[in-house]
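In this chain, residues are counted from 1 in sequence order.
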Amino acid sequence: MKLKWESISNVQQNTFLIKLVSATLITCLAFRFFVFQFGQFHPVHVSVNGDSDPQISPPSVILSDNEDQIPGDIEVEKCDLFSGKWIRDPLGPIYTNGSCGIVVDSHQNCITNGRPDSGFLYWKWKPHDCSLPRFDPRRFLQLMRNKSWAIIGDSIARNHVESLLCLLSTVEKPVEVYHDENYRSKRWNFPFYNLTVSNIWSPFLVQAAIFEDSNGVSSAAVQLHLDKLDNTWTDLLPSLDYAIISSGEWFLKTAVYHENANPVGCHGCPESSNLTDLGFDYAYNTSLRHVMDFIAKSNTKGMVFFRTSIPDHFENGEWHNGGTCKKTEPVSEEEVEMKVLNKILRDVEINQFERVVAEMGQESGKLKLLDFAGMLLTRPDGHPGPYREFRPFDKDKNAKVQNDCLHWCLPGPIDHLNDVILEIIMDGRTGK
């Protein structure tokens, strides 16, 4: 009886195993048939908002420093476009010193002036948390059809507008339609797109009597009216669709300060003066408060960007006492520190911007901050250095020449400011 029961049990077990194997084979065959008929499954993309899109392809693999994309399955809601690093860019600039030689100031035409290295041209800015597309000049022109732009400020503003014009000139050449008596304020038009781009010379943004030559050598202290804005730009602002306003470096100059039409103090006071040295930070803070208040209360129809001042990279001296900048590659944040004077200027700018935005409330959307200080701090290689003049060492390889470690070579790192600006405009971002 026992043997019979064990025999029946073994048969039942064998039958179960046969059924299990058969079911498995049928399942596999059915799966293969389904895939053969309908192709591969599309991976499902799930965003941080919980939305799904079956059409999105798998995230691409991130490749070392030459990849500027974040994984495709991550949707970044907020990204600080100004926090990132410079990565190698094998493509390089979209224009050359030759293709844009007419627009570029000769002092920034570094390659034509004989700069021997070109490695500084093959880097691009990569924000930490998101991708940043390369500036697309055709897309910019299409977006800006029938619009008006102005970049307002000092020679860095001029440097920036020349960069923008060079990028856009790869699609259509700009036509100069205006210049002031001293050729410091200019205006260009792109006829096909009816885009107007202006460069407005206003280094202090307030009224100033300046006594210096083209090389920046002063013959007398600047007379600076801290509470009277320069109408060169204030008269134009209401008609603009976009404006980028900046200042900073010029406030370091020796100056006498006026408020309510009376002298109230100075910076680097002349020996014959009985005025109190109030410091350049007092003047910059006072002037910038009036600038920000004017923007907040103006009836401008467009978007206004305020750009923070950009640090220089003079080493072993300054502009007029032998300062140089010899680096040929970007540096890391750990390798460079912002100078005290640049920190003071930036602190004033950030404080005044945050103050006026808080006061404007919901109306603050028309005013945006461009804080490129950290981005360009790590590019000491991007300046003309001794190559602000044409081939300075041809006659004497050991010649002592003035270096420019403040302005930027064109093409060069300053071109990538336009990458960020276009991205902000396209996405309606505030930059952060």
Side-chain angles (χ1 to χ4, degrees), residues 82 144 146-154 156-157 160-161 180 185 187 196-209 222-251 255 257-262 264-265 278 280-309 344-373 421 424-425 428-432:
F82 304 103
M144 297 302 153
N146 301 320
K147 303 292 185 184
S148 57
W149 270 79
I151 301 181
I152 301 161
D154 55 20
I156 300 297
H160 185 191
V161 80
D180 65 4
S185 291
R187 185 174 301 121
T196 300
V197 178
S198 299
N199 178 210
I200 306 300
W201 174 255
S202 185
F204 292 102
L205 302 177
V206 295
Q207 294 181 19
V222 177
Q223 301 296 312
L224 199 57
H225 297 269
L226 306 181
D227 54 353
K228 294 182 179 180
L229 299 183
D230 181 2
N231 60 8
T232 305
W233 69 271
T234 58
D235 289 350
L236 183 65
L237 189 66
S239 65
L240 296 172
D241 294 292
Y242 295 90
I244 300 176
I245 299 174
S246 60
S247 188
E249 286 282 339
W250 279 65
F251 280 86
Y257 303 143
H258 301 258
E259 292 183 75
N260 297 317
N262 293 310
V264 295
L278 299 175
F280 69 89
D281 54 331
Y282 170 84
Y284 195 32
N285 192 63
T286 303
S287 299
L288 209 52
R289 185 178 71 250
H290 289 294
V291 168
M292 293 294 185
D293 287 345
F294 173 82
I295 295 172
K297 297 174 183 177
S298 69
N299 60 347
T300 178
K301 64 177 182 178
M303 181 181 295
V304 179
F305 296 95
F306 180 80
R307 177 181 60 73
T308 56
S309 53
I344 294 172
L345 291 172
R346 184 176 177 276
D347 286 346
V348 170
E349 293 159 351
I350 298 297
N351 289 337
Q352 284 297 333
F353 179 84
E354 291 179 345
R355 174 194 65 81
V356 78
V357 165
E359 293 176 0
M360 291 173 71
Q362 294 182 349
E363 297 297 321
S364 65
K366 69 177 182 181
L367 178 60
K368 300 183 183 297
L369 183 68
L370 297 175
D371 187 10
F372 291 118
I421 292 168
I424 293 172
I425 292 171
R429 296 180 181 179
T430 60
K432 291 187 179 182

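- Leu237 and Ala243 get closest at one heavy-atom pair: CD1-CB, 3.8 Å.
- Summarising the geometry of Asn260 relative to Asp227, their closest heavy-atom pair is N-OD2, 2.7 Å, with the distance given to 0.1 Å.
- A donor-acceptor pair is defined here as one N or O able to donate and one able to accept, closer than 3.5 Å; such a pair exists between the side chain of Asp241 and the backbone of Ser148.
- Put simply, CE on Met303 and CD1 on Ile421 are 11.5 Å apart, with the number rounded to the nearest 0.5 Å.
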Any chance you could lay out the side chain to side chain contact (heavy atoms under 4.5 Å, CB included) test for Asn231 and Thr234, step after step, and finish with the verdict? CA-CA 5 Å; Asn231 60 8; Thr234 58; 3.5 Å; yes

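- The two residues Leu278 and Gly265 make their nearest non-hydrogen contact at CD1-CA, 3.7 Å.
- To the nearest 0.5 angstrom, Glu259 atom CD is 8.0 Å from Ser287 atom OG.
- For Ala373 against Thr308, the heavy-atom pair with the smallest separation is N-OG1, 3.8 Å.
- Each of Lys228, Gln223, His225 was checked for a side-chain hydrogen bond (donor to acceptor under 3.5 Å, both in side chains) with His258, and the lone residue meeting it is Gln223.
- Below 30°, between 30° and 60°, or above 60°: for Tyr242 and Trp149 the angle between ring planes is below 30°, a parallel geometry.
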Derivation and outcome, side chain to side chain contact (heavy atoms under 4.5 Å, CB included), residues Val206 and Leu229: CA-CA 4 Å; Val206 295; Leu229 299 183; 3.8 Å; yes

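- When all heavy atoms of Asp154 and Trp201 are compared, the closest pair comes out as C-CZ3, 3.5 Å.
- Side-chain N or O atoms of Ser239 include one that pairs as donor or acceptor with a backbone N or O of Leu236 at under 3.5 Å.
- Remark: of the listed residues Tyr257, Tyr284, Phe280, Phe251, Phe251 is the sole one forming a ring pair (Phe, Tyr, Trp, His ring centres under 6.0 Å) with Phe204.
- Atom CD1 of Ile152 sits about 9.5 Å away from atom OG of Ser185, to the nearest 0.5 Å.
- In plain terms, the two heavy atoms of Ala208 and Leu224 that are nearest each other are CB-CD1, 3.5 Å.
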Go through Gln352 and Phe306 one step at a time and tell me if the side chain to side chain contact (heavy atoms under 4.5 Å, CB included) criterion holds. CA-CA 11 Å; Gln352 284 297 333; Phe306 180 80; over 6 Å; no

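- The side-chain hydrogen bond (donor to acceptor under 3.5 Å, both in side chains) with Ser309 is formed by just one residue from the set Glu349, Arg346, Glu249; it is Glu349.
- Note that CG of Asn199 and CG of Asp180 are 9.5 Å apart. Values are rounded to the nearest 0.5 Å.
- Annotation: side chain of Ile245 is in contact with side chain of Ile295 (closest heavy-atom distance under 4.5 Å).
- Pairs passing the side chain to side chain donor-acceptor pair (under 3.5 Å) check and including a residue from residues 289-301, sequence neighbours excluded, read Asp293-Arg355.
- Distance check, rounded to the nearest 0.5 Å: NE2 of His160 to CZ of Arg307 gives 7.5 Å.
- Of the possible polar contacts, none joining the Asn285 side chain to the Asp281 backbone as a donor-acceptor pair under 3.5 Å is found.
- Side-chain contact check for Leu205 versus Asp230: every heavy-atom pair is 4.5 Å or farther apart.
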Check against side chain to side chain contact (heavy atoms under 4.5 Å, CB included), Ile350 and Asp371: CA-CA 9 Å; Ile350 298 297; Asp371 187 10; 4.2 Å; yes

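- Counting heavy atoms from C-beta outward, Leu240 and Trp233 have side chains that stay 4.5 Å or more apart.
- Taken to the nearest 0.5 Å, the CZ atom of Phe353 stands 8.5 Å off from the CG atom of Leu370.
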